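What follows is a single structure, written as structure tokens, with notes after it.
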Amino acid sequence: MNTGKIKKTDPEKRYRRILSADTLEGDNVKNSAGEDLGKVDEIMIDIPSGRVAYAVLSFGGILGMGSKLFAVPWNALTLDEDEHCFILDVDKQTLESAPGFDKDNWPDMADPEWGAQLSRHYRVSPYWEETTDETTTTREY
């Protein structure tokens with residue numbers, strides 16, 4: 001099982017492998033320096049592949065007003081199980097210089113050119129090019 005995207009240091013806490021999107025939405029996002037980068041607003045799923053493609057972060061604004069939204073490739077995030085937050089290993093400047101959008105003007109997240117540009121910005125592979133090290137077993141019933 002690929003646990004490289006989950007940070008868990010407390011051996012007493014139960015490891016959670018499958019979570020509902022609702023439990024992750026609203027989670028804080030921090031960088032490795034502990035700076036607040038926003039909150040998870042939405043989780044975007046690529047329906048044909050069934051894979052999580054992006055987390056949409058809200059950043060800036062006051063009391064949720066004027067917040068800018070940023071799509072972040074899911075594979076750029078690490079879930080911190082102990083702190084119940086995500087870690088995005090970039091500085092605030094990298095997030096602020098990312099292509100953002102507002103709640104009434106979303107990009108076409110199915111556009112592979114847009115997705116590749118976003119992946120380059122965060123220095124990760126596009127999710128559709130990644131393979132997982134999970135093994136699939138077929139059961140006969």
Side-chain angles (χ1 to χ4, degrees), residues 1-139 141:
M1 170 173 44
N2 180 7
T3 58
K5 299 305 284 180
I6 300 172
K7 177 183 174 191
K8 180 179 180 301
T9 55
D10 185 348
E12 299 299 315
K13 287 189 177 178
R14 186 174 156 240
Y15 172 71
R16 301 173 304 154
R17 179 176 168 185
I18 299 174
L19 299 168
S20 73
D22 283 350
T23 64
L24 301 173
E25 290 174 358
D27 278 4
N28 290 322
V29 179
K30 299 177 182 183
N31 62 18
S32 53
E35 296 175 307
D36 183 29
L37 298 179
K39 293 187 180 291
V40 175
D41 218 45
E42 301 280 348
I43 295 175
M44 308 304 293
I45 299 170
D46 179 321
I47 298 300
S49 72
R51 294 179 74 178
V52 177
Y54 308 103
V56 176
L57 308 186
S58 58
F59 176 72
I62 299 171
L63 299 174
M65 303 294 289
S67 293
K68 192 170 183 181
L69 300 176
F70 296 90
V72 174
W74 187 253
N75 56 353
L77 296 167
T78 300
L79 178 64
D80 186 327
E81 273 275 315
D82 299 326
E83 298 296 322
H84 295 281
C85 70
F86 285 95
I87 306 297
L88 176 60
D89 198 17
V90 299
D91 57 26
K92 279 189 174 185
Q93 179 60 35
T94 300
L95 181 62
E96 290 170 347
S97 67
F101 53 98
D102 66 49
K103 67 179 177 114
D104 296 322
N105 191 21
W106 284 54
D108 177 4
M109 293 187 182
D111 177 5
E113 186 176 315
W114 177 87
Q117 175 188 8
L118 193 67
S119 295
R120 281 191 302 275
H121 184 81
Y122 289 103
R123 297 182 177 166
V124 295
S125 300
Y127 73 91
W128 61 87
E129 291 179 0
E130 287 197 332
T131 59
T132 118
D133 65 356
E134 299 285 323
T135 57
T136 304
T137 56
T138 304
R139 295 182 185 173
Y141 295 93

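Computed from a prediction, not measured in an experiment: that's the story for all the values here. Side chains are part of it too, since the values below use all heavy atoms of this structure and drop only hydrogens, waters and symmetry mates.
Paired with Trp74 under the rule side-chain contact (heavy atoms from CB on, under 4.5 Å), one option of Tyr54, Phe86, Tyr127 passes, and it is Phe86.
Residues Ser119 and Pro126 share a closest heavy-atom pair of OG-CA, 3.4 Å. Of all heavy-atom pairs spanning Tyr122 and Ala71, the tightest one is CE1-O, 3.8 Å. Looking at every heavy atom in both residues, Leu19 comes nearest to Thr23 through CB-OG1, 3.6 Å. Annotation for Val90 and Leu95: closest pair CG2-N, 4.5 Å, computed over non-hydrogen atoms. Heavy atoms only, all atoms of each residue included: Phe70 and Pro99 are closest at CD2-O, 4.1 Å. Nearest heavy-atom pair across Asn31 and Ile87 is C-CG2, 4.2 Å.
Looking at heavy atoms from C-beta onward, Thr78 lies out of side-chain contact with Asp89 at the 4.5 angstrom threshold. Annotation: side chain of Met109 is in contact with side chain of Val56 (closest heavy-atom distance under 4.5 Å). Side-chain contact check for Ser97 versus His121: some heavy-atom pair is nearer than 4.5 Å. In this structure the side chain of Ile45 reaches within 4.5 angstrom of the side chain of Ile47, judged on heavy atoms.
Taking CG from Leu37 and NZ from Lys39, the interatomic distance works out to 12.0 Å, rounded to the nearest 0.5 Å. Taking NZ of Lys92 as the start and CZ of Phe59 as the end, the distance is 5.0 Å to the nearest 0.5 Å. Atom OG1 of residue Thr94 and atom CG of residue Leu88 lie 8.5 Å apart, to the nearest 0.5 angstrom. Atom CG of Asp27 sits about 11.5 Å away from atom CD of Glu83, to the nearest 0.5 Å. Interatomic distance, CD of Glu42 versus CG of Leu24, reported as 12.5 Å (0.5 Å rounding). The structure places CG of Asp102 at 13.0 Å from OG of Ser58, a figure rounded to the nearest 0.5 Å.
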From CA spacing to verdict: side chain to side chain contact (heavy atoms under 4.5 Å, CB included), Leu57, Leu69: CA-CA 5 Å; Leu57 308 186; Leu69 300 176; over 6 Å; no

For Asp80 and Lys30, run side chain to side chain contact (heavy atoms under 4.5 Å, CB included): C-alpha distance rounded to whole Å, both residues' side-chain angles, the deciding distance at 0.1 Å, then the answer. CA-CA 10 Å; Asp80 186 327; Lys30 299 177 182 183; over 6 Å; no

